[in-house]
Amino acid sequence: MRTKVIFHTILFLAIASGLSSARALTQEEVAKIQAAGYTQVSDIKSTAEGMTAKAVKNGKDVRLVVDSAGQIKEQK
């Protein structure tokens, strides 16, 4: 629950700080990221690849890309 509140706050701040013209993560994408086992989602940015974010899965820091089709991929 706390992670969800933190993530929504970060998402709101990212949009408010100038990403409003870029594609933002939808609530469905947020739920999909969390359902896939990712926590501590932060540093959300719009890039040519899609929306990128930092997260934690199984205790390891990962970088995610959510493409225009909503697919979640870990960057290497």
Side-chain angles (χ1 to χ4, degrees):
M1 179 70 161
R2 180 174 175 217
T3 301
K4 185 175 182 179
V5 171
I6 291 169
F7 181 75
H8 284 124
T9 301
I10 292 169
L11 180 59
F12 173 78
L13 292 173
I15 292 169
S17 70
L19 291 179
S20 58
S21 61
R23 188 181 86 76
L25 294 175
T26 65
Q27 287 183 332
E28 291 80 18
E29 289 168 329
V30 171
K32 189 174 179 181
I33 289 169
Q34 292 172 339
Y38 296 99
T39 61
Q40 301 179 30
V41 180
S42 64
D43 197 23
I44 302 164
K45 296 179 183 175
S46 179
T47 68
E49 297 175 89
M51 297 299 292
T52 63
K54 293 180 181 177
V56 175
K57 185 169 185 180
N58 299 324
K60 296 181 181 180
D61 293 331
V62 295
R63 186 126 197 67
L64 302 176
V65 175
V66 181
D67 66 20
S68 60
Q71 297 297 312
I72 302 167
K73 299 176 185 172
E74 288 187 23
Q75 285 184 325
K76 300 277 176 171

**Fill in**
Value for CD (E74) from CZ (R63), rounded to nearest 0.5 Å, stands at 12.0 Å
**Prompt:** With hydrophobic residues grouped by side-chain heavy-atom distances under 4.5 Å, do I44 and I72 end up in a single group?
**Reply:** yes
**Message:** My understanding is that only residues two or more places apart in sequence, or in another chain, count here; which of them pass salt bridge (Lys or Arg N to Asp or Glu O under 4.0 Å) with K54?
**Reply:** D43
**Asked** Listed by chain and number, what are the side chain to side chain contact (heavy atoms under 4.5 Å, CB included) partners of A55, not counting sequence neighbours?
**Response** Y38, V41, V62, L64
**Message:** Restricting to side chain to side chain contact (heavy atoms under 4.5 Å, CB included), what partner residues turn up for E49, sequence neighbours left out?
**Reply:** T47, V65, Q75
**Message:** Under the rule for salt bridge (Lys or Arg N to Asp or Glu O under 4.0 Å), what residues qualify as partners of K73, not counting sequence neighbours?
**Reply:** D67
